[in-house]
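Have a look at the structure below, then the notes.
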Amino acid sequence: MPETVKRVMLYAISTCGHCRNTKKWLKENNIEYDWHDVDLLHGDEKRKCLDDVRQYNPRLTFPTMIIDGETVIIGYHPEEFEEVFSNGEEDG
């Protein structure tokens, strides 16, 4: 079991294929994450989410994944996911 647990926040669009693939990749790799499907939010909650995303990704493209509040991956890039979540450890 890894000693460091990464905090993952995913901002997504419910109808986006890359967003669905990112969620699937995280689930298949047993990575816990929080997420918001931004298009399903309304009012102040939606504005706050978009403001949060804009801090890391001014273009507001999705998916936007923020790891530990500092590493940002925009789009569906499994190779980058592997690199960020591997911690240099080899399992099995």
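Here the structure is a predicted model, which means the values were calculated and not measured.
Residue Trp25 qualifies as enclosed at atom CH2: its count of foreign heavy atoms under 6.0 Å is above 12. Under a cut-off of 6.0 angstrom, the local environment of NE2 in His77 is crowded, with over 12 non-hydrogen atoms contributed by other residues, nucleotides or ligands.
Atoms NZ and CE, from Lys6 and Met65 in turn, are 12.0 Å apart once rounded to the nearest 0.5 Å. Atom CG of Leu40 and atom CD of Glu45 lie 10.0 Å apart (nearest 0.5 Å). Atoms SG and CG, from Cys49 and Asp44 in turn, are 11.5 Å apart once rounded to the nearest 0.5 Å. To the nearest 0.5 Å, atom CE of residue Met9 and atom NE2 of residue His36 are 4.0 Å apart. Here CD1 of Ile66 is found 9.5 Å from CZ of Arg7. Values are rounded to the nearest 0.5 Å. Annotation: the span from Phe85 atom CZ to Thr71 atom OG1 amounts to 9.0 Å, rounded to 0.5 Å.
Residues Phe62 and Ile74 are not in side-chain contact: their nearest non-hydrogen atoms beyond the backbone lie 4.5 Å or more apart. Val8 has its side chain out of reach of Glu32: every pair of non-hydrogen atoms, C-beta onward, lies at least 4.5 Å apart.
For the pair Leu10 and Lys23, the tightest heavy-atom approach, listed with the atom from each and the gap, is CD2-CG, 3.6 Å. The minimum heavy-atom distance between Thr22 and Gly75, with the atom names listed, is OG1-O, 4.2 Å. Summarising the geometry of Cys19 relative to Ile13, their closest heavy-atom pair is SG-N, 3.4 Å, with the distance given to 0.1 Å.
Both Val72 and Leu50 sit in one connected hydrophobic cluster of ILVMFWY residues. Membership requires side-chain heavy atoms under 4.5 Å apart, directly or through other members. Cluster membership for Ile31 and Ile73, using ILVMFWY side-chain heavy atoms within less than 4.5 angstrom, is shared. Hydrophobic cluster membership is shared by Tyr76 and Val84, with clusters built from Ile, Leu, Val, Met, Phe, Trp and Tyr side chains linked at under 4.5 angstrom. Hydrophobic cluster membership differs between Leu26 and Tyr56, with clusters built from Ile, Leu, Val, Met, Phe, Trp and Tyr side chains linked at under 4.5 angstrom. Under the 4.5 Å side-chain heavy-atom criterion for grouping Ile, Leu, Val, Met, Phe, Trp and Tyr, Trp35 is not connected to Leu41 through any hydrophobic cluster.
Ion pairing between Lys48 and Asp51 fails under the 4.0 Å rule for side-chain N and carboxylate O.
Using a distance-only test at 3.5 Å, with no hydrogens or angles considered, no donor-acceptor pair links the side chain of Asn57 to the main chain of Thr64.
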